[in-house]
Amino acid sequence: MSDKATLTYGGKSYDFPVVVGTEHERAVDISKLRAESGLITLDDGYANTGSCASSITFIDGEQGILRYRGYPIEELAQHSTFPETAYLLMFGELPNATQLMEFRGLLTEHQFIHENMRHHFEGFPSDAPPMAILSAMINAAGCFEPALVELERSDHFMQSAARLLSKVRTIAAASYRKSMGLPINYPRYDLSYTANFLYLMFCMPNMPCEPEPELVRALDVVFILHADHEQNCSTSTVRMVASSQAGMFASAAAGVCALWGPLHGGANMAVVEMLEQIHQSGESVESFVSRVKSAHAKLMGFGHRVYKNFDPRAKIIKRACDQVLAKLGVRDPLLELALRLEEVALRDEYFIERKLYPNVDFYSGIIMRAAKIPLGMFPVLFAIGRMPGWIANWREVRSNAKARIYRPRQVYTGPTQRTYVPLAERK
Ligand code: CMC
């Protein structure tokens with residue numbers, strides 16, 4: 001195998017080293033390309049660009065493999081918990097019993113938001129998009145933790161990571177409670193991370209209330225499956241912001257904004273909206289799919305930039321969805337519709353040709369509906385799940401002594417130089 005790639009241009013040849021990853025994926029290192037040849041690369045949507053070397057998550061899109069720090073997602077979804085998986089992503093190894101207990105202790109210790117922050121929620125209109133509130137409130141929380149966002153000591157990283165991970169869940173639930181005119185709950189010390197989230201969302205302070213274990217486990221699996229996904233849009237955003245040496249809270253707040261759109265974290269919401277629309281209109285699945293094709297539109301929850309055979313997360317989440325609905329005795333017509341839609345699309349030449357399969361968002365919304373999570377909060381749950389991945393990536397950028405600011409180039413296609421025309425002379 002060659003350890004260099006040669007580019008021939010303008011009668012000259014240029015050699016570039018080939019970098020090989022631990023899973024044998026290869027990349028041409030073009031960092032000297034412009035200096036040596038005057039050329040840059042142009043790669044729409046970064047589909048062929050390796051923006052960094054990273055040791056956090058491995059994906060093989062052709063074979064449907066996803067591993068966090070080497071551990072297959074299937075094993076983590078079956079055996080791990082969200083805090084343990086978060087620890088693995090952020091610190092590189094599975095914790096031992098003492099480390100896990102300490103980390104859980106930190107999550108519990110830091111689960112409250114500063115009392116003054118409760119007033120911040122009052123500034124938002126009740127119909128404000130939850131992702132806008134989440135992003136703003138993460139930045140606000142950062143204002144209360146200014147000393148903790150640097151990496152001078154490793155326990156500082158542990159402290160800030162635990163604070164951000166724990167508080168994001170408290171903030172998310174508080175924004176929902178506020179929008180509903182309900183009292184904001186205080187987290188409980190005796191509940192797990194995910195059980196506490198359901199408690200904060202749905203329990204009333206004057207009534208005994210225990211989140212259902214089946215839902216807690218299903219949501220924990222949803223969080224694990226979302227915890228990282230290498231250089232996706234929001235994680236790349238977090239790394240981009242981190243590369244300017246911005247703090248952890250600011251970088252995570254930017255990640256929330258990048259996640260918001262329907263092509264990324266907003267897709268779980270768009271899937272349920274699509275299924276509701278089909279259900280209410282009574283249109284057949286076949287006719288809906290054929291309209292999608294003729295409009296060259298998108299079937300939400302289908303397709304992925306990297307996965308070209310199947311999304312391993314979708315397989316797990318589909319099973320979890322079946323299980324939780326069966327255990328709760330819930331019959332959701334949208335699940336039946338989703339199953340039928342998947343069946344029809346997977347048999348259709350249009351989807352086969354383009355290698356379009358259900359992605360993680362196709363079934364996650366059904367679990368969230370079973371948990372009575374309101375539609376607008378679906379992307380917020382994605383953000384809670386993705387937080388460990390963002391934190392791990394933030395750390396990787398900030399702890400790299402050789403890290404440079406992320407600053408891509410462009411091919412300019414605007415007007416060439418022209419002379420300023422005074423206002424009175426313009427037509
Ligand atoms: N339904 C119908 N056609 C599709 C879909 C879809 N969901 N996705 C892609 N295509 C078509 C697309 O129109 C194009 O067709 P043609 O070659 O004829 O122009 C072809 O497939 C290639 O698509 P692309 O837009 O170049 O693919 P991409 O890699 O740029 O986009 C994607 C990936 C996930 C944004 C896209 O598949 C999509 O918009 N899916 C729907 C939204 C969605 O479910 N997003 C969640 C992604 S998974 C969770 C996450 O990481 O956020």
Side-chain angles (χ1 to χ4, degrees), residues 42-49 51 56-59 61-62 64-66 68 73 131 222-239 255-275 277-278 285-318 338 341-368 375 378-390 393:
L42 184 61
D43 184 17
D44 187 30
Y46 306 129
N48 304 284
T49 296
S51 62
I56 303 168
T57 287
F58 172 69
I59 300 179
E62 273 66 41
I65 293 172
L66 168 62
Y68 299 160
I73 191 66
M131 290 293 264
V222 169
F223 287 153
I224 291 171
L225 296 180
H226 286 84
D228 195 37
H229 213 232
E230 53 121 293
Q231 303 314 314
N232 56 85
C233 175
S234 56
T235 303
S236 299
T237 301
V238 168
R239 289 186 81 111
V256 171
C257 293
L259 187 70
W260 189 345
L263 298 190
H264 193 10
N268 50 18
M269 193 174 152
V271 169
V272 169
E273 282 169 341
M274 175 185 76
L275 294 172
Q277 188 200 325
I278 305 173
V285 163
E286 286 79 0
S287 145
F288 182 79
V289 168
S290 122
R291 277 200 302 116
V292 166
K293 289 191 297 181
S294 46
H296 202 254
K298 295 270 171 77
L299 195 57
M300 300 315 286
F302 260 70
H304 198 276
R305 171 64 61 79
V306 181
Y307 294 122
K308 296 301 171 197
N309 275 319
F310 65 94
D311 178 340
R313 303 167 301 173
K315 282 197 168 180
I316 300 169
I317 221 158
K318 185 178 176 183
L341 196 57
E342 177 182 357
E343 192 187 315
V344 170
L346 290 185
R347 268 197 276 115
D348 194 302
E349 212 32 60
Y350 183 94
F351 292 87
I352 296 172
E353 224 176 70
R354 290 170 178 76
K355 298 184 188 292
L356 301 169
Y357 297 84
N359 59 48
V360 69
D361 291 312
F362 195 65
Y363 287 104
S364 63
I366 310 274
I367 295 188
M368 293 186 205
L375 196 58
F378 287 13
V380 169
L381 267 79
F382 194 148
I384 296 173
R386 186 55 54 89
M387 198 54 71
W390 290 340
N393 276 274

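First listed ligand is number 1; within each ligand, the first listed atom is number 1.
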Counting each atom of ligand 1 from 1 as listed, which ones have a heavy atom of [X] under 4.0 Å away?
| X | answer |
| --- | --- |
| D361 | 46 (C), 48 (S), 49 (C) |
| G301 | 43 (C), 44 (O) |
| M300 | 42 (C) |

TODO: Answer yes if the side chains of Y46 and Q231 hold a donor-acceptor pair under 3.5 Å, and no otherwise.
DONE: no

Open item on the list: What I want to check is whether the side chains of T235 and N393 have a donor and an acceptor closer together than 3.5 Å.
Closed with: no

Report yes or no: does a heavy atom of [X] sit under 4.0 Å from some atom of ligand 1?
| X | value |
| --- | --- |
| A297 | yes |
| N232 | no |
| K298 | yes |
| G45 | no |

Based purely on interatomic distance, does [X] place a nitrogen or oxygen under 3.5 Å from a nitrogen or oxygen of ligand 1?
| X | result |
| --- | --- |
| A267 | no |
| F351 | no |
| Y350 | no |
| L299 | yes |
| R354 | yes |
| L263 | yes |

Nearest protein heavy atom to [atom], by residue and atom, and its distance?
| atom | value |
| --- | --- |
| atom 51 (O) of ligand 1 | H264 ND1, 3.6 Å |
| atom 40 (N) of ligand 1 | F302 O, 2.9 Å |
| atom 34 (C) of ligand 1 | G303 O, 3.7 Å |
| atom 16 (P) of ligand 1 | H296 NE2, 3.4 Å |
| atom 4 (C) of ligand 1 | L356 CD1, 3.4 Å |

[atom1]/[X] to [atom2]/[Y] distance, rounded to the nearest 0.5 angstrom?
| X | Y | atom1 | atom2 | value |
| --- | --- | --- | --- | --- |
| L275 | F288 | CG | CZ | 8.0 Å |
| Y357 | Y307 | OH | OH | 14.0 Å |
| I59 | R313 | CD1 | CZ | 7.0 Å |
| Y350 | S290 | OH | OG | 11.5 Å |
| D228 | L66 | CG | CG | 8.0 Å |

- [ ] Of all the heavy-atom pairs spanning P358 and L346, show the shortest one and how long it is.
- [x] CD-CD2, 4.1 Å

Determine, counting only non-hydrogen atoms of the protein, whether one lies under 4.0 angstrom from [atom].
| atom | result |
| --- | --- |
| atom 22 (C) of ligand 1 | no |
| atom 10 (N) of ligand 1 | yes |
| atom 45 (N) of ligand 1 | yes |
| atom 31 (O) of ligand 1 | no |
| atom 26 (O) of ligand 1 | no |

Open item on the list: Heavy-atom count check: over 12 atoms from other residues, nucleotides or ligands less than 6.0 Å from D44 CG?
Closed with: no

Open item on the list: Would you say that more than 12 heavy atoms from the other residues, nucleotides or ligands in this model lie under 6.0 Å from the NZ of K315, or not?
Closed with: no

Open item on the list: Main chain of G301, side chain of D361: is a donor-acceptor contact present, judged purely on distance under 3.5 Å?
Closed with: no

TODO: For N359 and G303, indicate whether the former's side chain and the latter's backbone hold a donor-acceptor pair under 3.5 Å.
DONE: yes

Examine the proximity of ligand 1 to [X] and report which part, side chain or backbone, both or neither, has a heavy atom under 4.0 Å away.
| X | answer |
| --- | --- |
| R305 | both |
| N359 | side chain |
| L259 | neither |
| H229 | neither |

Task: L299 vs L356 side-chain heavy atoms within contact, under 4.5 Å - done: no

- [ ] Measure the acute angle between the ring planes of H304 and H229, then classify it against the limits of 30° and 60° as parallel, tilted or perpendicular.
- [x] perpendicular

Task: Those residues that, when tested against Y68, pass side chain to side chain donor-acceptor pair (under 3.5 Å) (two or more places apart) - done: none

Kindly list each side-chain donor-acceptor pair under 3.5 angstrom involving residues 255-266, sequence neighbours excluded, with atom names and distances?
residue, atom, partner, partner atom, Å
H264, NE2, N232, OD1, 3.4
H264, NE2, S234, N, 3.1
H264, NE2, S234, OG, 2.9

